[in-house]
Enquirer: 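After the structure tokens below, expect a handful of questions from me.
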Amino acid sequence: MTGMSRARVARRIAAGAAYGGGGIGLAGAATVGLVLAEVQLARRRVSNGTSPHVPHADGLYGRLYAGPAGVPLRLTMLGDSTAAGQGVHRGGQTPGALLASGLAALAERPVELRTVATPGACSDDLDRQVALVLAAPDPVPDICVIMVGANDVTHRMPATRSVRHLASAVRRLRTAGAEVVVGTCPDLGTIEPVRQPLRWLARRASRQLAAAQTIGVVEQGGRTVSLGDLLGPEFAENPRELFGPDSYHPSAEGYATAAMAVLPTVCASLGLWPAEEERPDASRREGFLPVARAAAEAASEAGTEVAAAMPSGPRGPWALLKRRRRRRVPEQEPAPATPSS
């Protein structure tokens with residue numbers, strides 16, 4: 001599928017989500033049904049011989065920065081098993097812990113991590129997760145990171161419904177005062193038990209949803225980072241390193257790769273990234289595009305960020321497409337959870 005046709009599909013899905021449509025599917029119901037059968041083999045393999053346990057990672061990171069001036073930043077993880085960190089053994093290996101450690105180092109402030117992400121969750125569970133975040137007695141998070149979408153594809157949730165729930169979650173969090181970064185749907189074509197020719201169908205469905213997610217998120221004031229290609233070619237080339245023992249969830253190295261892609265956008269959303277890197281760099285093919293075009297390009301390239309830009313143009317809303325340089329994320333064991341002050 002070309003970038004322009006993917007942009008058209010993404011626009012249709014996002015429009016259906018905004019105006020109440022529910023019948024626009026991903027890559028065709030019949031083909032997705034075949035992909036679903038293959039992915040279910042992977043899911044059964046996940047449940048055989050591996051534990052669904054997710055390591056506890058919540059707590060305070062960057063304690064050395066604590067002090068009168070070091071008021072903790074609050075980071076909350078929402079979404080599915082990828083956001084929770086299923087597939088690794090230690091809390092410090094989860095994406096939340098990696099992001100909290102990296103954010104603390106770059107901000108030189110402690111970071112309080114909370115995780116409400118739930119293994120197996122689809123986008124319709126975000127309503128519940130956001131309610132948990134906003135009902136907490138603690139202040140609203142400074143930054144929320146959402147990773148969701150894979151289960152929507154495998155459960156054949158209509159794409160318009162999926163995007164509607166995600167956009168609603170972003171809108172509620174932004175209205176409450178939190179910055180929001182969304183890691184879009186990963187590439188299901190990289191799951192080892194999924195064989196060709198179904199791999200490319202899974203990839204197509206994943207990218208369609210990722211592009212539509214981007215439009216819905218950006219229109220609500222959030223930013224997105226493409227995880228599809230990041231967890232695609234790199235995982236395909238190094239499956240033993242980047243996939244965990246269940247061949248379905250990322251390994252510690254896989255989560256670190258994803259965290260390195262998301263961290264710059266998290267920092268930029270909080271005003272912590274170098275100002276000179278906020279300007280689009282033509283040498284890296286960055287710039288302002290209609291949001292659907294930017295969404296389609298981001299779905300095809302690892303670690304690409306899309307954020308709202310000019311309110312509108314001849315072809316609708318515009319967005320800034322950024323290809324940020326990745327920096328290493330320091331791994332840190334999580335501190336014991338402590339009550340928030």
Side-chain angles (χ1 to χ4, degrees), residues 1-19 106 143-147 149 159 163-164 166-167 169-171 173-175 178-185 206-230 232 258 260-327:
M1 180 180 287
T2 66
M4 288 302 293
S5 60
R6 187 177 297 118
R8 284 194 295 270
V9 171
R11 276 198 301 267
R12 287 176 56 220
I13 293 172
Y19 297 109
L106 289 168
I143 180 77
C144 291
V145 175
I146 304 174
M147 296 180 179
V163 173
R164 189 181 307 125
L166 176 58
V170 174
R171 180 173 61 253
L173 292 169
R174 293 288 294 128
T175 299
E179 297 292 336
V180 181
V181 173
V182 175
T184 54
C185 182
S206 303
R207 289 183 176 181
Q208 283 182 6
L209 180 56
Q213 286 177 318
T214 295
I215 295 175
V217 169
V218 169
E219 289 180 345
Q220 299 302 327
R223 303 187 189 209
T224 64
V225 178
S226 169
L227 297 183
D229 262 358
L230 180 74
M260 280 191 289
V262 174
L263 179 62
T265 301
V266 167
C267 292
S269 69
L270 293 171
L272 299 171
W273 207 242
E276 62 271 16
E277 292 194 23
E278 291 305 290
R279 294 186 293 271
D281 185 341
S283 68
R284 290 189 288 183
R285 295 177 295 115
E286 297 178 347
F288 298 98
L289 294 169
V291 66
R293 280 267 315 278
E297 287 201 22
S300 301
E301 185 166 344
T304 305
E305 174 191 318
V306 180
M310 293 169 275
S312 62
R315 287 175 286 177
W318 283 62
L320 173 60
L321 185 143
K322 293 282 294 179
R323 295 175 170 89
R324 297 186 185 276
R325 297 183 182 92
R326 299 184 201 163
R327 302 185 179 186

Enquirer: Side chains of Thr184 and Val217: does their closest heavy-atom pair fall under 4.5 Å?
Expert: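 A side-chain contact under 4.5 Å is absent here.
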Enquirer: Kindly indicate whether the side chain of Val225, heavy atoms from C-beta on, has any atom under 4.5 Å from the side chain of Val266.
Expert: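 A side-chain contact under 4.5 Å is absent here.
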Enquirer: Which residues pass the side chain to side chain contact (heavy atoms under 4.5 Å, CB included) test with Ala169, sequence neighbours left out?
Expert: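 With sequence neighbours excluded, Ala169 shows a side chain to side chain contact (heavy atoms under 4.5 Å, CB included) to Leu126, Val130, given in chain and number order.
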Enquirer: Closest approach of Ala261 and Pro264, non-hydrogen atoms and distance?
Expert: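 Of all heavy-atom pairs spanning Ala261 and Pro264, the closest is O-CD, 3.5 Å.
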Enquirer: Backbone N or O of Ala295 within a donor-acceptor pair of the Thr214 side chain at under 3.5 Å?
Expert: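 Here the side-chain-to-backbone pair does not exist.
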Enquirer: Is Glu286 salt-bridged to Lys322, going by a charged N under 4.0 Å from an acidic O?
Expert: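 A salt bridge is present here (some side-chain N lies under 4.0 Å from a carboxylate O).
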Enquirer: Which pair of heavy atoms, one from Cys185 and one from Ser206, lies closest together, and at what distance?
Expert: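 Cys185 and Ser206 have their closest heavy atoms at CB-O, 3.9 Å.
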Enquirer: How long is the span from the CG atom in Leu166 to the CZ atom in Arg171, to the nearest 0.5 Å?
Expert: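 Output value for this atom pair is 10.5 Å.
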Enquirer: Return the OG1 to CD1 distance between Thr224 and Ile146, rounded to the nearest 0.5 Å.
Expert: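 It comes to 11.5 Å.
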Enquirer: Distance check, rounded to the nearest 0.5 Å: Gln213 atom CD versus Leu227 atom CG?
Expert: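 Answer rounded to 0.5 Å: 9.5 Å.
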Enquirer: Does Leu209 reach the side chain of Val163, with side-chain heavy atoms less than 4.5 Å apart?
Expert: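 Yes, their side chains come closer than 4.5 Å.
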Enquirer: Of the non-hydrogen atoms in Ala319 and Val218, which two are nearest, and what is the gap between them?
Expert: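 Looking at all heavy atoms of both residues, the shortest contact is CB-CG1, 4.5 Å.
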Enquirer: Are side-chain heavy atoms of Leu272 and Leu106 found at a separation under 4.5 Å?
Expert: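 In short, these two side chains do not touch, never coming nearer than 4.5 Å.
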Enquirer: What pairs with Gln220 under side chain to side chain donor-acceptor pair (under 3.5 Å), at least two apart in sequence or on another chain?
Expert: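 In terms of side chain to side chain donor-acceptor pair (under 3.5 Å), with neighbours along the sequence ignored, Gln220 is linked to no residue.
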Enquirer: By side chain to side chain contact (heavy atoms under 4.5 Å, CB included), which residues pair with Glu179, not counting sequence neighbours?
Expert: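 Residues passing side chain to side chain contact (heavy atoms under 4.5 Å, CB included) with Glu179: Ile143, Arg174, Ser269, Leu270.
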Enquirer: What residues, two or more places apart in sequence or in another chain, satisfy side chain to side chain donor-acceptor pair (under 3.5 Å) together with Thr265?
Expert: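 With sequence neighbours excluded, Thr265 shows a side chain to side chain donor-acceptor pair (under 3.5 Å) to Glu305, given in chain and number order.
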Enquirer: Which atom pair, heavy atoms only, marks the closest approach of Trp318 to Phe288?
Expert: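 What the structure gives for the nearest pair is CZ3-O, 3.4 Å.
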Enquirer: Write down the atom of Ala210, the atom of Ala299, and the distance for their closest heavy-atom approach.
Expert: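 Smallest interatomic distance, heavy atoms only, reads CB-CB, 4.3 Å.
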Enquirer: Taking side chain to side chain contact (heavy atoms under 4.5 Å, CB included) as the definition, give me every residue that meets it alongside Ala268, ordered by chain and number, with sequence neighbours left out.
Expert: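 Here the qualifying residues are Arg223, Trp273, Glu278, Arg324.
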Enquirer: Can you name the nearest heavy-atom pair linking Ala167 to Gly216, along with the distance?
Expert: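 For Ala167 and Gly216, the tightest heavy-atom pair comes out as CB-O, 3.9 Å.
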Enquirer: Could you give the distance from CD (Glu297) to OG (Ser226), rounded to the nearest 0.5 Å?
Expert: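 OG of Ser226 is found 11.5 Å from CD of Glu297.
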